[in-house]
Structure formats: structure tokens, C-alpha cells
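Note that these values count all heavy atoms, side chains included, but never hydrogens, waters or copies made by symmetry. Reminder, nothing fancy here: chain letters follow the sequence lines and each chain counts from 1.
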Number of protein chains: 2
Amino acid sequence: MNKRNDLGTEPCPVARSISVVGDRWSLLLVRDAFDGVCRFSDFQRSLGVARNILAERLRRLVDAGILETRPGSNGGAHQEYVLTAQGQSLFPVVVALRQWGERHLFEQGEPHSELVEKSTGQPLHFMAPQAADGRPISPGDTEVRKLA
Amino acid sequence: MNKRNDLGTEPCPVARSISVVGDRWSLLLVRDAFDGVCRFSDFQRSLGVARNILAERLRRLVDAGILETRPGSNGGAHQEYVLTAQGQSLFPVVVALRQWGERHLFEQGEPHSELVEKSTGQPLHFMAPQAADGRPISPGDTEVRKLA
DNA sequence: CAGTATCCCTCAAGATACTG
DNA sequence: CAGTATCTTGAGGGATACTG
């Protein structure tokens, strides 16, 4: 039934999210934006993606309300791409992917970049779903209630 | 520099994770697996994906150590696909995508499926990164330390 | 520098027929 | 039912030349 791109109308929030940021580049652009990257050529150098693709992805992220453009902080003519509030709320997604990758996609002792708290220099605590009272919740404790 | 598929060798854990589960179907299969789906035709009906694509994706997820096959719980000939421990540890990723989608990709009052704790029936608490002492951490409080 | 405009090509994905 | 085999299509993406 899924012809091509109708994930965006599915009733499942996971499917809709994937329809917006579930491609090869979008979340990497968001990651770079969290890391302070905001200019076209810096994204381009960071990812090595073709310029036309980069332009289209940035446009899509702006259209989706994840990035917005600004006139450029210095007096220069170039504009900047910065995360909106909605884009910043992708932080848990990026952190979750990062933590999973750190645990399962690197060999023992293989170096990788790490996300730390600026003020303490400490890596982030492992992020896990929890109940309203703070108890950690494992997958088996949950179920999906349709169309709540 | 990124020719085609060399995301899997990047030093950034986010990029590596995306190289494994960053396509249109993988995380939806994982979501379904969390939801108890374990048979080929059930995945197929749930996603509407073509059978050859489904077969290849399942194989890739098995190769990646995210799913494993079992002889089938009843006496039947069919095998089942179940999450490994590594696959179960994708739970925060799926939950993060779900929560972001719920907040930003549905209209006010538009119904969507919801992830609740079985024992209480309550939706999960909002999941956010935090420091080792439990303080919530926002994106601006963090920085990436290269090759730690 | 920050894109746009083309051209081309590969691969993901769909459709369908077939098999143990 | 659980796939495999084959064919076709189209979108995603790369390379490069060009523009304000």
C-alpha cells in the first residue's frame, strides 16, 4: 500500500519522523548544526556532499521548520542556517543515535568523538525512556496504543 | 569526499548509526519488532513494502546483529525475527523519533498511536539527555570532543 | 562564497512470477 | 507461507560548469 512517499501521512509518529529526517543527510546536517556549523560551505566541507544536494536538503529542512535562515552575523552577504526550537528538539534523537553507535559500532578502544557537557567536561549520562516518576522503562514494559 | 557509502567508517557515532539504520525501512522494522511483529508476512502487511525489499532489509538487520532468526515458536516451518540485545538497545532511538513526531508532526487533536507503560497505562515520560547527576542538559550545554 | 543549472548514473524500491 | 529471481522505474545523488 505504501506507494512511494506516503509515510508522512501515517498515523505512527515514528513513520512521520522518518519521512522528514529519515534520509542519509538530514540528521547529519542537524548534528552539524548542533555543533555550531551554520554556513553552506562549512556543511559542504563537513559532509562532502554535492552542492546541489546540500542546497536541496537545507531547503527541505527549512521548509520542515527545522532550520531557519538568518542574514549572517557579521556584515557579510552570506546567510546562516540555524536550528529552530523544533530543530533543537531533535537533540534526543541525535543523542540516542550517537549513544547507540558508540556502544555497538566501534571496536574496543577505537576512538570516536564524544558529546560532553561544557561546564564539567563529562560525557552525557546514558539516556533512557522512563516513567513519569523516573523509573527506567524497558521495551517489554511498553505497548503501543493505537490512535490514542 | 564521501563517495557513496563510507558513512560506516566515519569517526562520528551518529554517522555510523545512520549508515546502519538510516534508511526508510530499517527503523520501521525495528519499531514493528518492538511491537511484537516477528513474521515475514506480518512485517509485509504492516509496512506494505515489496517482498524482495523486505527480505533484503531483514537480512541486513540480521547481519548487523539487530535481529536474529529463530525456528518459530509453534511447530510450524516458518522462522521468526526477534530483536537481539543490540536491537533492543535501539529503544531510545525509536522513542526519541516517536516523541519528536508526536510533538511536531501532528495537528492539534489529530489522533496518533501512543507508547504507554503496560502496567499503568500511562504514556512515557518525555525523554531528554541528562548529566550523570540527573540534571537535564540542553544542546547549548554540550560540545563534541573529537576522537575521545 | 553561496548557491543554481545540467547531465548522467547508480541503486533503492516496486511489480510480478516463480519455488520449496 | 516465506521467501527468491527478474525486470523496470524513478529518485537520490555525484560531477561539473556557471552566476550574482
Any side-chain heavy-atom pair of D23(A) and R60(A) under 4.5 Å: yes

dG3(D) OP1/OP2 closer than 4.0 Å to side-chain N/O of R39(B): no

Residue W25(B), side-chain heavy atoms: nucleotide from dA2(D), dA2(C), dG14(C) that is nearest: dG14(C)

Whole-Å gap separating C1' (dA13(C)) and CG (L28(B)): 14 Å

Given L105(B), V94(B), L27(B), the one that forms side-chain contact (heavy atoms from CB on, under 4.5 Å) with S17(A): L105(B)

Trace of the side-chain contact (heavy atoms from CB on, under 4.5 Å) decision for S138(A) with D141(A): CA-CA 6 Å; S138(A) 66; D141(A) 301 332; 3.1 Å; yes

Side-chain N,O (Q79(A)) to OP1/OP2 (dC1(C)) below 4.0 Å: no

From CZ (F106(B)) to NE2 (H112(B)), nearest 0.5 Å: 6.0 Å

Under-4.0 Å side-chain N/O to phosphate OP1/OP2 contact, R51(A) with dA2(C): no

Residue F40(A), side-chain heavy atoms: nucleotide from dA2(C), dA13(C), dG14(D) that is nearest: dA2(C)

Sugar-phosphate only, base, or nothing, as touched by N52(A) at under 4.0 Å among non-hydrogen atoms: base

Given dA2(D), dG3(D), dA13(C), the nucleotide with the shortest approach to the side chain of D23(B): dA13(C)

Atom-to-atom span, CG of L47(B) to P of dG14(C) - whole angstrom: 10 Å

Atom pair CG/CD1 of L29(A) and I66(A) - distance to nearest 0.5 Å: 10.0 Å

Sugar-phosphate, base or nothing in reach of F43(A), heavy atoms under 4.0 Å: nothing

R57(A) CZ - dG14(D) P separation (whole Å): 10 Å

Rounded interatomic separation in angstrom, taking CG from L58(A) and C1' from dG3(C): 10 Å

Length of the CG-P vector between L54(B) and dT16(C), whole Å: 17 Å

Separation of dG3(C) P from I53(A) CD1 (nearest whole Å): 15 Å

Nucleotide forming a Watson-Crick or wobble pair with dA15(C), both distances under 3.5 Å: dT6(D)

Length of the line joining R60(A):CZ and dG3(C):P, which is rounded to integer Å: 17 Å

Between dG12(D) (C1') and R24(B) (CZ): distance, integer Å: 11 Å

Touch class at under 4.0 angstrom, heavy-atom based, for R45(A) against every strand present: nothing

